There are 2 protein chains.
Amino acid sequence: MKISELSRQSGIPLPTLKFYLREGLLPPGTLTQPNQADYSESHLRRAELIRALREVAGLSIAKIRAVVDALEQGEATYEVMGQAVDALGGEAVSAFTLAQAQAATDIDTLLTELGLPIRDESLARHQIIAAFATVRTLLFPDVAAEFLMPYYLAAEKLARLEKAATPGLFELPPEQALEKAMLGLALFEPILVAFRRLAHERIVLEVLAPEASPPARR
Amino acid sequence: MKISELSRQSGIPLPTLKFYLREGLLPPGTLTQPNQADYSESHLRRAELIRALREVAGLSIAKIRAVVDALEQGEATYEVMGQAVDALGGEAVSAFTLAQAQAATDIDTLLTELGLPIRDESLARHQIIAAFATVRTLLFPDVAAEFLMPYYLAAEKLARLEKAATPGLFELPPEQALEKAMLGLALFEPILVAFRRLAHERIVLEVLAPEASPPARR
DNA sequence: AGATAGTGGACAGTGACACTATCCGATAGT
DNA sequence: ACTATCGGATAGTGTCACTGTCCACTATCT
(Lines give C-alpha, C1' and ligand atoms only; values in the text may rest on other atoms or scores of the structure.)
Protein backbone atom coordinates (compact mmCIF):
# COMPACT_ATOMS: atom_id res chain seq x y z
CA MET A 1 0.00 0.00 0.00
CA LYS A 2 1.27 3.45 -0.90
CA ILE A 3 1.17 6.45 1.32
CA SER A 4 -1.90 7.96 -0.30
CA GLU A 5 -3.75 4.70 0.31
CA LEU A 6 -2.59 4.75 3.92
CA SER A 7 -3.87 8.29 4.19
CA ARG A 8 -7.23 7.30 2.74
CA GLN A 9 -7.72 4.27 4.95
CA SER A 10 -6.62 5.98 8.15
CA GLY A 11 -8.29 9.30 7.44
CA ILE A 12 -5.07 11.10 8.32
CA PRO A 13 -3.99 13.88 5.93
CA LEU A 14 -1.00 12.90 3.84
CA PRO A 15 1.24 15.78 5.01
CA THR A 16 0.51 14.72 8.57
CA LEU A 17 1.58 11.15 7.80
CA LYS A 18 4.81 12.53 6.39
CA PHE A 19 5.21 14.50 9.57
CA TYR A 20 4.70 11.37 11.70
CA LEU A 21 7.29 9.57 9.58
CA ARG A 22 9.75 12.41 10.09
CA GLU A 23 9.11 12.34 13.81
CA GLY A 24 9.69 8.62 13.94
CA LEU A 25 6.19 7.79 15.24
CA LEU A 26 5.49 5.79 12.14
CA PRO A 27 8.25 3.42 10.97
CA PRO A 28 9.36 4.03 7.36
CA GLY A 29 7.86 1.85 4.64
CA THR A 30 9.99 -0.62 2.72
CA LEU A 31 11.47 1.02 -0.36
CA THR A 32 10.73 -0.78 -3.62
CA GLN A 33 12.33 2.00 -5.65
CA PRO A 34 14.46 4.96 -4.60
CA ASN A 35 11.29 6.97 -4.34
CA GLN A 36 8.55 4.41 -3.86
CA ALA A 37 7.77 2.84 -0.53
CA ASP A 38 5.33 0.18 0.53
CA TYR A 39 3.25 0.31 3.73
CA SER A 40 1.67 -2.67 5.45
CA GLU A 41 -1.32 -3.40 7.65
CA SER A 42 0.84 -2.82 10.70
CA HIS A 43 1.53 0.69 9.46
CA LEU A 44 -2.18 1.26 9.27
CA ARG A 45 -2.69 -0.05 12.80
CA ARG A 46 0.15 2.11 14.03
CA ALA A 47 -1.27 5.16 12.31
CA GLU A 48 -4.63 4.56 13.95
CA LEU A 49 -2.94 4.06 17.31
CA ILE A 50 -1.13 7.37 16.95
CA ARG A 51 -4.32 9.13 16.00
CA ALA A 52 -6.26 7.67 18.91
CA LEU A 53 -3.55 8.57 21.41
CA ARG A 54 -3.38 12.07 19.98
CA GLU A 55 -7.04 12.95 19.45
CA VAL A 56 -8.91 10.88 22.01
CA ALA A 57 -6.38 10.57 24.80
CA GLY A 58 -4.81 13.96 24.11
CA LEU A 59 -1.18 12.87 24.31
CA SER A 60 1.59 15.05 22.94
CA ILE A 61 3.78 13.88 20.07
CA ALA A 62 6.68 13.46 22.49
CA LYS A 63 4.66 11.15 24.76
CA ILE A 64 3.39 9.14 21.82
CA ARG A 65 6.95 8.73 20.68
CA ALA A 66 7.85 7.38 24.11
CA VAL A 67 4.98 4.91 23.89
CA VAL A 68 5.82 3.64 20.41
CA ASP A 69 9.52 3.46 21.27
CA ALA A 70 8.61 1.25 24.21
CA LEU A 71 6.48 -0.91 21.89
CA GLU A 72 9.19 -1.02 19.27
CA GLN A 73 12.01 -2.39 21.29
CA GLY A 74 9.95 -5.43 22.20
CA GLU A 75 11.03 -5.44 25.81
CA ALA A 76 9.42 -7.48 28.50
CA THR A 77 5.77 -6.63 29.04
CA TYR A 78 6.21 -5.14 32.47
CA GLU A 79 9.02 -2.88 31.32
CA VAL A 80 6.98 -1.60 28.43
CA MET A 81 4.00 -0.97 30.68
CA GLY A 82 6.20 1.01 33.03
CA GLN A 83 7.61 3.09 30.18
CA ALA A 84 4.16 3.60 28.80
CA VAL A 85 2.55 4.50 32.09
CA ASP A 86 5.21 7.14 32.47
CA ALA A 87 4.68 8.31 28.94
CA LEU A 88 1.01 8.93 29.64
CA GLY A 89 1.77 10.80 32.83
CA GLY A 90 2.31 14.39 33.85
CA GLU A 91 5.45 16.35 34.50
CA ALA A 92 8.25 15.68 36.93
CA VAL A 93 8.58 18.03 39.86
CA SER A 94 12.10 19.28 40.39
CA ALA A 95 12.25 20.66 43.92
CA PHE A 96 9.85 19.52 46.62
CA THR A 97 8.12 22.06 48.78
CA LEU A 98 7.42 21.18 52.39
CA ALA A 99 3.86 20.13 51.69
CA GLN A 100 5.09 17.97 48.84
CA ALA A 101 7.66 16.24 51.03
CA GLN A 102 4.87 15.38 53.47
CA ALA A 103 2.67 14.15 50.66
CA ALA A 104 5.56 12.11 49.27
CA THR A 105 5.88 10.27 52.59
CA ASP A 106 2.19 9.46 52.60
CA ILE A 107 2.22 8.26 49.01
CA ASP A 108 5.34 6.14 49.46
CA THR A 109 3.79 4.48 52.49
CA LEU A 110 0.80 3.60 50.38
CA LEU A 111 2.94 2.28 47.52
CA THR A 112 4.89 0.11 49.93
CA GLU A 113 1.71 -1.34 51.41
CA LEU A 114 0.60 -2.18 47.91
CA GLY A 115 3.88 -3.86 47.09
CA LEU A 116 4.62 -1.39 44.33
CA PRO A 117 8.18 -0.19 43.76
CA ILE A 118 9.01 3.43 44.59
CA ARG A 119 10.84 4.87 41.65
CA ASP A 120 12.05 8.45 41.89
CA GLU A 121 11.37 8.97 38.21
CA SER A 122 7.85 7.57 38.25
CA LEU A 123 5.72 10.33 36.77
CA ALA A 124 2.55 8.86 38.21
CA ARG A 125 4.07 9.20 41.67
CA HIS A 126 5.16 12.79 41.00
CA GLN A 127 1.73 13.67 39.75
CA ILE A 128 0.04 12.26 42.83
CA ILE A 129 2.45 14.03 45.14
CA ALA A 130 1.96 17.41 43.45
CA ALA A 131 -1.80 17.11 43.36
CA PHE A 132 -2.20 15.75 46.89
CA ALA A 133 0.05 18.46 48.30
CA THR A 134 -2.01 21.10 46.53
CA VAL A 135 -5.20 19.55 47.89
CA ARG A 136 -3.82 19.97 51.38
CA THR A 137 -2.55 23.53 50.96
CA LEU A 138 -5.38 24.98 48.92
CA LEU A 139 -8.43 22.86 49.41
CA PHE A 140 -8.56 21.13 52.74
CA PRO A 141 -5.56 21.03 55.10
CA ASP A 142 -6.91 18.10 57.10
CA VAL A 143 -7.23 15.48 54.41
CA ALA A 144 -5.83 12.42 56.13
CA ALA A 145 -3.42 9.96 54.61
CA GLU A 146 -6.06 7.33 55.37
CA PHE A 147 -8.05 8.70 52.49
CA LEU A 148 -5.53 7.36 50.02
CA MET A 149 -5.91 3.60 50.43
CA PRO A 150 -9.66 3.36 49.86
CA TYR A 151 -9.33 5.82 47.03
CA TYR A 152 -6.63 3.71 45.43
CA LEU A 153 -8.68 0.57 45.86
CA ALA A 154 -11.64 2.19 44.15
CA ALA A 155 -9.34 3.10 41.28
CA GLU A 156 -8.08 -0.48 41.12
CA LYS A 157 -11.67 -1.64 40.91
CA LEU A 158 -12.04 0.46 37.78
CA ALA A 159 -8.89 -0.99 36.29
CA ARG A 160 -10.24 -4.50 36.90
CA LEU A 161 -13.54 -3.65 35.23
CA GLU A 162 -11.58 -2.47 32.21
CA LYS A 163 -9.60 -5.66 32.13
CA ALA A 164 -12.79 -7.71 32.35
CA ALA A 165 -14.25 -5.74 29.45
CA THR A 166 -11.38 -6.75 27.19
CA PRO A 167 -11.01 -10.49 27.75
CA GLY A 168 -8.41 -12.56 25.99
CA LEU A 169 -6.08 -9.63 25.54
CA PHE A 170 -3.08 -11.53 26.80
CA GLU A 171 -3.68 -14.39 24.35
CA LEU A 172 -2.95 -12.16 21.37
CA PRO A 173 0.50 -12.11 19.76
CA PRO A 174 2.72 -10.02 22.05
CA GLU A 175 3.10 -7.10 19.66
CA GLN A 176 -0.63 -6.63 19.33
CA ALA A 177 -1.31 -7.37 22.99
CA LEU A 178 0.94 -4.52 24.01
CA GLU A 179 -0.53 -2.21 21.42
CA LYS A 180 -3.98 -2.96 22.75
CA ALA A 181 -2.95 -2.67 26.35
CA MET A 182 -1.63 0.81 25.60
CA LEU A 183 -4.79 1.70 23.77
CA GLY A 184 -6.87 0.53 26.69
CA LEU A 185 -4.78 2.46 29.14
CA ALA A 186 -5.20 5.59 27.04
CA LEU A 187 -8.80 5.23 25.85
CA PHE A 188 -10.55 4.35 29.08
CA GLU A 189 -8.99 7.31 30.82
CA PRO A 190 -11.16 9.99 29.20
CA ILE A 191 -14.22 7.84 29.83
CA LEU A 192 -13.38 7.51 33.48
CA VAL A 193 -12.61 11.20 33.85
CA ALA A 194 -15.86 12.21 32.20
CA PHE A 195 -17.87 9.70 34.27
CA ARG A 196 -16.37 11.13 37.41
CA ARG A 197 -17.45 14.61 36.38
CA LEU A 198 -20.95 13.40 35.66
CA ALA A 199 -20.98 11.72 39.05
CA HIS A 200 -20.09 14.99 40.75
CA GLU A 201 -22.83 16.72 38.83
CA ARG A 202 -25.22 14.05 40.03
CA ILE A 203 -24.07 14.35 43.63
CA VAL A 204 -24.50 18.12 43.61
CA LEU A 205 -27.97 17.54 42.25
CA GLU A 206 -28.73 15.26 45.21
CA VAL A 207 -27.48 17.81 47.70
CA LEU A 208 -29.46 20.63 46.17
CA ALA A 209 -32.70 18.78 45.55
CA PRO A 210 -32.67 15.48 47.43
CA GLU A 211 -35.83 14.06 45.89
CA ALA A 212 -36.57 16.25 42.89
CA SER A 213 -35.88 15.02 39.41
CA PRO A 214 -32.98 16.85 37.82
CA PRO A 215 -33.95 20.22 36.36
CA ALA A 216 -33.54 20.81 32.66
CA ARG A 217 -30.45 22.83 31.94
CA ARG A 218 -30.45 26.03 29.94
CA MET B 1 -1.63 44.76 48.84
CA LYS B 2 0.15 45.83 45.68
CA ILE B 3 0.85 43.64 42.73
CA SER B 4 4.45 42.95 43.69
CA GLU B 5 3.26 41.72 47.07
CA LEU B 6 0.66 39.55 45.36
CA SER B 7 3.41 38.15 43.19
CA ARG B 8 5.59 37.41 46.21
CA GLN B 9 2.84 35.70 48.22
CA SER B 10 1.52 33.63 45.34
CA GLY B 11 4.89 32.80 43.85
CA ILE B 12 3.62 33.83 40.43
CA PRO B 13 5.97 36.04 38.37
CA LEU B 14 4.73 39.59 38.14
CA PRO B 15 4.54 39.68 34.31
CA THR B 16 2.41 36.54 34.48
CA LEU B 17 0.03 38.21 36.93
CA LYS B 18 -0.29 41.10 34.52
CA PHE B 19 -1.02 38.59 31.80
CA TYR B 20 -3.75 36.98 33.90
CA LEU B 21 -5.23 40.41 34.55
CA ARG B 22 -5.23 41.17 30.83
CA GLU B 23 -6.88 37.86 30.10
CA GLY B 24 -9.55 38.52 32.69
CA LEU B 25 -8.70 35.49 34.84
CA LEU B 26 -7.84 37.76 37.74
CA PRO B 27 -10.27 40.60 38.45
CA PRO B 28 -8.63 44.05 38.43
CA GLY B 29 -7.61 45.55 41.76
CA THR B 30 -9.39 48.60 43.13
CA LEU B 31 -7.68 51.75 41.95
CA THR B 32 -6.61 54.12 44.72
CA GLN B 33 -4.88 56.38 42.20
CA PRO B 34 -4.99 56.45 38.42
CA ASN B 35 -1.97 54.18 38.46
CA GLN B 36 -2.06 52.45 41.83
CA ALA B 37 -4.26 49.48 42.53
CA ASP B 38 -4.96 47.49 45.65
CA TYR B 39 -5.34 43.71 45.74
CA SER B 40 -7.14 41.73 48.43
CA GLU B 41 -7.01 38.28 49.97
CA SER B 42 -9.56 37.10 47.45
CA HIS B 43 -7.18 38.09 44.68
CA LEU B 44 -4.56 35.95 46.31
CA ARG B 45 -6.94 33.01 46.56
CA ARG B 46 -7.95 33.49 42.97
CA ALA B 47 -4.34 33.64 41.85
CA GLU B 48 -3.63 30.39 43.64
CA LEU B 49 -6.73 28.83 42.13
CA ILE B 50 -5.57 29.80 38.65
CA ARG B 51 -2.12 28.41 39.29
CA ALA B 52 -3.45 25.12 40.63
CA LEU B 53 -5.83 24.68 37.71
CA ARG B 54 -3.04 25.48 35.28
CA GLU B 55 -0.08 23.59 36.75
CA VAL B 56 -1.62 20.71 38.63
CA ALA B 57 -4.79 20.07 36.67
CA GLY B 58 -3.27 21.15 33.36
CA LEU B 59 -6.17 23.31 32.17
CA SER B 60 -5.72 25.79 29.36
CA ILE B 61 -6.17 29.51 29.93
CA ALA B 62 -9.42 29.40 27.99
CA LYS B 63 -10.86 26.67 30.22
CA ILE B 64 -9.76 28.46 33.36
CA ARG B 65 -11.49 31.56 32.09
CA ALA B 66 -14.67 29.57 31.63
CA VAL B 67 -14.38 28.31 35.21
CA VAL B 68 -13.78 31.71 36.79
CA ASP B 69 -16.49 33.28 34.66
CA ALA B 70 -18.90 30.70 36.02
CA LEU B 71 -17.72 31.49 39.55
CA GLU B 72 -17.95 35.21 38.94
CA GLN B 73 -21.53 35.51 37.88
CA GLY B 74 -22.65 33.89 41.10
CA GLU B 75 -25.22 31.70 39.44
CA ALA B 76 -27.01 28.88 41.13
CA THR B 77 -24.67 26.15 42.29
CA TYR B 78 -25.85 23.53 39.87
CA GLU B 79 -25.48 25.86 36.90
CA VAL B 80 -21.96 26.75 37.87
CA MET B 81 -21.06 23.10 38.33
CA GLY B 82 -22.40 22.35 34.87
CA GLN B 83 -20.42 25.19 33.33
CA ALA B 84 -17.35 24.13 35.21
CA VAL B 85 -17.66 20.45 34.41
CA ASP B 86 -17.81 21.44 30.78
CA ALA B 87 -14.87 23.77 31.19
CA LEU B 88 -12.74 20.91 32.49
CA GLY B 89 -13.78 18.64 29.66
CA GLY B 90 -12.45 17.76 26.25
CA GLU B 91 -13.46 18.89 22.80
CA ALA B 92 -16.79 18.76 21.09
CA VAL B 93 -17.16 16.37 18.17
CA SER B 94 -18.75 17.96 15.13
CA ALA B 95 -19.91 15.11 12.92
CA PHE B 96 -20.68 11.68 14.33
CA THR B 97 -19.30 8.60 12.63
CA LEU B 98 -21.38 5.46 12.64
CA ALA B 99 -19.57 4.00 15.61
CA GLN B 100 -20.05 7.26 17.46
CA ALA B 101 -23.76 7.29 16.79
CA GLN B 102 -23.99 3.78 18.25
CA ALA B 103 -21.93 4.82 21.25
CA ALA B 104 -24.10 7.90 21.70
CA THR B 105 -27.19 5.72 21.97
CA ASP B 106 -25.53 3.55 24.60
CA ILE B 107 -24.35 6.55 26.60
CA ASP B 108 -27.67 8.34 26.44
CA THR B 109 -29.43 5.22 27.68
CA LEU B 110 -27.07 5.19 30.63
CA LEU B 111 -27.56 8.88 31.36
CA THR B 112 -31.30 8.45 31.28
CA GLU B 113 -31.15 5.53 33.70
CA LEU B 114 -29.10 7.73 36.02
CA GLY B 115 -31.59 10.56 35.82
CA LEU B 116 -29.04 12.87 34.26
CA PRO B 117 -30.08 15.31 31.54
CA ILE B 118 -28.82 14.71 28.01
CA ARG B 119 -27.42 17.95 26.74
CA ASP B 120 -26.08 18.06 23.21
CA GLU B 121 -23.38 20.49 24.26
CA SER B 122 -22.20 18.48 27.27
CA LEU B 123 -18.49 18.02 26.69
CA ALA B 124 -18.30 15.15 29.16
CA ARG B 125 -20.87 13.32 27.04
CA HIS B 126 -18.97 14.07 23.83
CA GLN B 127 -15.75 12.88 25.37
CA ILE B 128 -17.29 9.59 26.48
CA ILE B 129 -18.87 9.03 23.09
CA ALA B 130 -15.63 9.66 21.22
CA ALA B 131 -13.57 7.48 23.51
CA PHE B 132 -16.07 4.63 23.75
CA ALA B 133 -16.52 4.56 19.97
CA THR B 134 -12.76 4.37 19.55
CA VAL B 135 -12.56 1.56 22.09
CA ARG B 136 -15.01 -0.38 19.96
CA THR B 137 -13.38 0.28 16.61
CA LEU B 138 -9.74 -0.01 17.59
CA LEU B 139 -9.51 -1.99 20.78
CA PHE B 140 -12.30 -4.46 21.20
CA PRO B 141 -15.38 -4.50 18.95
CA ASP B 142 -17.45 -6.53 21.39
CA VAL B 143 -17.40 -4.29 24.44
CA ALA B 144 -20.99 -4.43 25.58
CA ALA B 145 -23.06 -1.48 26.66
CA GLU B 146 -23.53 -3.37 29.93
CA PHE B 147 -19.97 -2.48 30.79
CA LEU B 148 -20.93 1.15 31.20
CA MET B 149 -23.20 1.06 34.25
CA PRO B 150 -20.86 -0.74 36.65
CA TYR B 151 -18.02 1.39 35.36
CA TYR B 152 -20.00 4.54 36.04
CA LEU B 153 -20.96 3.33 39.49
CA ALA B 154 -17.31 2.69 40.33
CA ALA B 155 -16.55 6.23 39.23
CA GLU B 156 -19.36 7.54 41.40
CA LYS B 157 -17.85 5.65 44.32
CA LEU B 158 -14.68 7.66 43.80
CA ALA B 159 -16.59 10.91 43.69
CA ARG B 160 -18.27 10.02 46.98
CA LEU B 161 -14.93 9.25 48.60
CA GLU B 162 -13.71 12.66 47.52
CA LYS B 163 -16.77 14.31 48.97
CA ALA B 164 -16.25 12.45 52.24
CA ALA B 165 -12.64 13.61 52.35
CA THR B 166 -13.70 17.25 52.26
CA PRO B 167 -16.49 17.47 54.83
CA GLY B 168 -18.33 20.68 55.55
CA LEU B 169 -17.67 22.09 52.14
CA PHE B 170 -21.24 23.14 51.61
CA GLU B 171 -21.33 25.04 54.90
CA LEU B 172 -18.78 27.56 53.65
CA PRO B 173 -19.90 30.92 52.22
CA PRO B 174 -21.16 30.20 48.68
CA GLU B 175 -18.33 31.96 46.91
CA GLN B 176 -15.68 29.90 48.67
CA ALA B 177 -17.70 26.70 48.52
CA LEU B 178 -17.84 26.92 44.76
CA GLU B 179 -14.18 27.80 44.52
CA LYS B 180 -13.32 24.75 46.58
CA ALA B 181 -15.70 22.51 44.72
CA MET B 182 -13.95 23.48 41.51
CA LEU B 183 -10.57 22.91 43.06
CA GLY B 184 -11.65 19.50 44.25
CA LEU B 185 -13.01 18.60 40.86
CA ALA B 186 -9.74 19.63 39.25
CA LEU B 187 -7.23 18.44 41.84
CA PHE B 188 -8.48 14.93 42.52
CA GLU B 189 -8.53 14.17 38.84
CA PRO B 190 -4.76 13.80 38.39
CA ILE B 191 -4.62 11.71 41.55
CA LEU B 192 -7.29 9.38 40.27
CA VAL B 193 -5.70 9.11 36.84
CA ALA B 194 -2.31 8.32 38.31
CA PHE B 195 -3.78 5.77 40.74
CA ARG B 196 -5.49 4.03 37.87
CA ARG B 197 -2.20 3.78 36.03
CA LEU B 198 -0.51 2.37 39.09
CA ALA B 199 -3.34 -0.12 39.42
CA HIS B 200 -2.80 -1.30 35.88
CA GLU B 201 0.88 -1.67 36.56
CA ARG B 202 -0.01 -3.74 39.61
CA ILE B 203 -2.45 -5.91 37.66
CA VAL B 204 0.10 -6.62 34.94
CA LEU B 205 2.51 -7.57 37.67
CA GLU B 206 -0.03 -10.07 38.99
CA VAL B 207 -0.57 -11.59 35.58
CA LEU B 208 3.13 -11.93 34.88
CA ALA B 209 4.22 -13.20 38.29
CA PRO B 210 1.16 -14.31 40.24
CA GLU B 211 2.93 -14.87 43.54
CA ALA B 212 6.29 -13.23 43.21
CA SER B 213 6.98 -9.97 44.91
CA PRO B 214 7.29 -7.13 42.40
CA PRO B 215 10.70 -6.99 40.76
CA ALA B 216 12.83 -3.90 41.20
CA ARG B 217 12.66 -1.73 38.16
CA ARG B 218 15.69 -0.51 36.26
C1' DA C 1 5.47 7.40 -26.41
C1' DG C 2 3.52 11.09 -24.00
C1' DA C 3 0.59 13.24 -20.64
C1' DT C 4 -0.68 13.44 -16.01
C1' DA C 5 -1.06 12.25 -11.41
C1' DG C 6 1.36 10.57 -7.51
C1' DT C 7 5.84 9.65 -4.73
C1' DG C 8 9.52 10.26 -1.15
C1' DG C 9 12.27 13.55 0.88
C1' DA C 10 13.71 18.20 2.40
C1' DC C 11 12.61 22.46 4.26
C1' DA C 12 10.00 26.64 5.15
C1' DG C 13 5.77 28.60 6.88
C1' DT C 14 1.53 28.85 9.96
C1' DG C 15 -1.46 29.56 13.80
C1' DA C 16 -2.44 28.73 18.46
C1' DC C 17 -0.80 29.05 23.05
C1' DA C 18 1.32 30.75 27.38
C1' DC C 19 3.95 33.50 28.68
C1' DT C 20 8.13 37.44 28.83
C1' DA C 21 10.18 41.78 27.81
C1' DT C 22 10.21 46.42 27.10
C1' DC C 23 8.54 50.88 27.31
C1' DC C 24 5.76 54.66 29.23
C1' DG C 25 4.52 58.37 32.20
C1' DA C 26 2.85 58.52 37.05
C1' DT C 27 3.38 57.73 41.92
C1' DA C 28 5.63 55.98 46.59
C1' DG C 29 8.97 55.76 49.78
C1' DT C 30 13.44 57.81 51.79
C1' DA D 1 15.32 64.97 44.84
C1' DC D 2 15.81 60.68 43.46
C1' DT D 3 15.33 55.93 42.96
C1' DA D 4 12.16 52.00 42.89
C1' DT D 5 7.90 50.46 41.75
C1' DC D 6 3.38 51.10 39.75
C1' DG D 7 -0.54 50.35 36.07
C1' DG D 8 -1.15 49.78 31.45
C1' DA D 9 -0.07 48.90 26.60
C1' DT D 10 2.44 46.72 22.97
C1' DA D 11 5.71 43.70 21.07
C1' DG D 12 8.49 39.62 21.19
C1' DT D 13 9.67 34.56 22.44
C1' DG D 14 9.63 29.60 22.38
C1' DT D 15 7.05 25.50 21.76
C1' DC D 16 3.92 22.61 19.52
C1' DA D 17 1.48 20.22 15.84
C1' DC D 18 0.90 20.50 11.88
C1' DT D 19 0.59 22.41 6.65
C1' DG D 20 2.52 24.03 2.23
C1' DT D 21 5.73 24.08 -1.31
C1' DC D 22 9.33 22.41 -4.01
C1' DC D 23 12.04 18.88 -6.31
C1' DA D 24 13.41 15.08 -9.30
C1' DC D 25 11.58 10.88 -10.14
C1' DT D 26 7.96 6.93 -11.05
C1' DA D 27 3.43 4.78 -12.17
C1' DT D 28 -0.25 4.54 -14.89
C1' DC D 29 -3.40 5.62 -18.39
C1' DT D 30 -4.19 6.45 -23.39
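Remember, it's a predicted structure, so these values are computed and weren't measured experimentally. In the text below, chain A, chain B and the rest are named by the order of the sequence lines, each starting its count at 1.
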Novice: State whether the side chain of Arg136(A) and the backbone N or O of Val143(A) hold a donor-acceptor pair below 3.5 Å, judged by distance alone.
Specialist: yes
Novice: For Met1(B) and dG7(D), give me the distance from atom CE to atom C1', rounded to whole Å.
Specialist: 17 Å
Novice: What's the CG-P distance between Asp38(B) and dG7(D), to the nearest Å?
Specialist: 9 Å
Novice: At 4.0 Å (heavy atoms only), tell me whether Leu21(A) reaches a base, stays on the sugar-phosphate, or touches nothing.
Specialist: nothing
Novice: Counting heavy atoms from C-beta on, name the nucleotide in dA17(D), dT7(C), dT27(C) closest to the side chain of Ile61(A).
Specialist: dA17(D)
Novice: Do Glu72(B) and Arg46(B) sit within salt-bridge range, that is, some charged N less than 4.0 Å from a carboxylate O?
Specialist: yes
Novice: Need one value for Leu31(B): base, sugar-phosphate or nothing, where a base atom within 4.0 Å counts as base even if backbone is also close, heavy atoms only.
Specialist: sugar-phosphate
Novice: Taking 4.0 Å as the cut-off, does a side-chain nitrogen or oxygen of Tyr20(B) come that near to OP1 or OP2 on dA18(C)?
Specialist: no
Novice: In terms of side-chain heavy atoms, does Glu162(B) have a donor or acceptor partner in His200(A) at a distance below 3.5 Å?
Specialist: yes
Novice: Reading DNA chain C from 5' onward, which residue's closest nucleotide shows up sooner: Lys18(B) or Arg51(B)?
Specialist: Arg51(B)
Novice: Would you kindly give the CZ-to-C1' distance between Phe19(A) and dA10(C), to the nearest whole Å?
Specialist: 15 Å
Novice: State whether Ser60(A) places a side-chain N or O below 4.0 Å from either non-bridging phosphate oxygen (OP1 or OP2) of dC16(D).
Specialist: no
Novice: What is the distance, rounded to the nearest whole Å, between atom CD of Glu5(B) and atom C1' of dA4(D)?
Specialist: 15 Å
Novice: Between Ile12(A) (CD1) and dT19(D) (C1'), how many Å, whole number?
Specialist: 15 Å
Novice: Between Phe147(A) and Phe188(B), does the ring centroid distance fall short of 6.0 Å?
Specialist: yes
Novice: Taking only side-chain nitrogens and oxygens of Thr16(A), does any of them come within less than 4.0 Å of OP1 or OP2 of dA17(D)?
Specialist: no
Novice: Can you check the Ile50(A) CD1 to dA17(D) C1' distance for me, whole Å?
Specialist: 13 Å
Novice: Arg196(A) and Tyr152(B): side-chain donor and acceptor closer than 3.5 Å?
Specialist: no
Novice: What does Lys2(A) touch in the nucleic acid at a heavy-atom separation under 4.0 angstrom: a base, only the sugar-phosphate, or nothing?
Specialist: sugar-phosphate
Novice: Can you find a donor-acceptor pair, distance only, under 3.5 Å between Arg22(B) side chain and dT20(C) base?
Specialist: yes
Novice: Answer yes or no: is there an ion pair linking Arg197(A) with Glu201(A), defined by an N-O contact shorter than 4.0 Å?
Specialist: no
Novice: Between P on dA10(C) and CD on Glu23(A), what's the gap in Å once rounded to a whole number?
Specialist: 13 Å
Novice: Give the rounded distance in Å between these two atoms: CG of Leu14(B) and C1' of dT20(C).
Specialist: 12 Å
Novice: Counting side-chain heavy atoms from C-beta on, which of dG6(C), dC6(D), dT20(C) comes nearest to Pro15(B)?
Specialist: dT20(C)
Novice: Can you identify which nucleotide, out of dA28(C), dG7(D), dG8(C), has its nearest atom closest to the Ala37(A) side chain?
Specialist: dG8(C)
Novice: Would you indicate what Arg54(A) reaches in the nucleic acid, counting non-hydrogen atoms under 4.0 angstrom: base, sugar-phosphate, or nothing?
Specialist: sugar-phosphate
Novice: So Pro28(B), base contact, sugar-phosphate only, or nothing? Heavy-atom distance under 4.0 Å.
Specialist: nothing
Novice: Check every atom of dT19(D), dG7(D), dA27(D) against the side chain of Ile3(B) and return the nucleotide holding the closest atom.
Specialist: dG7(D)
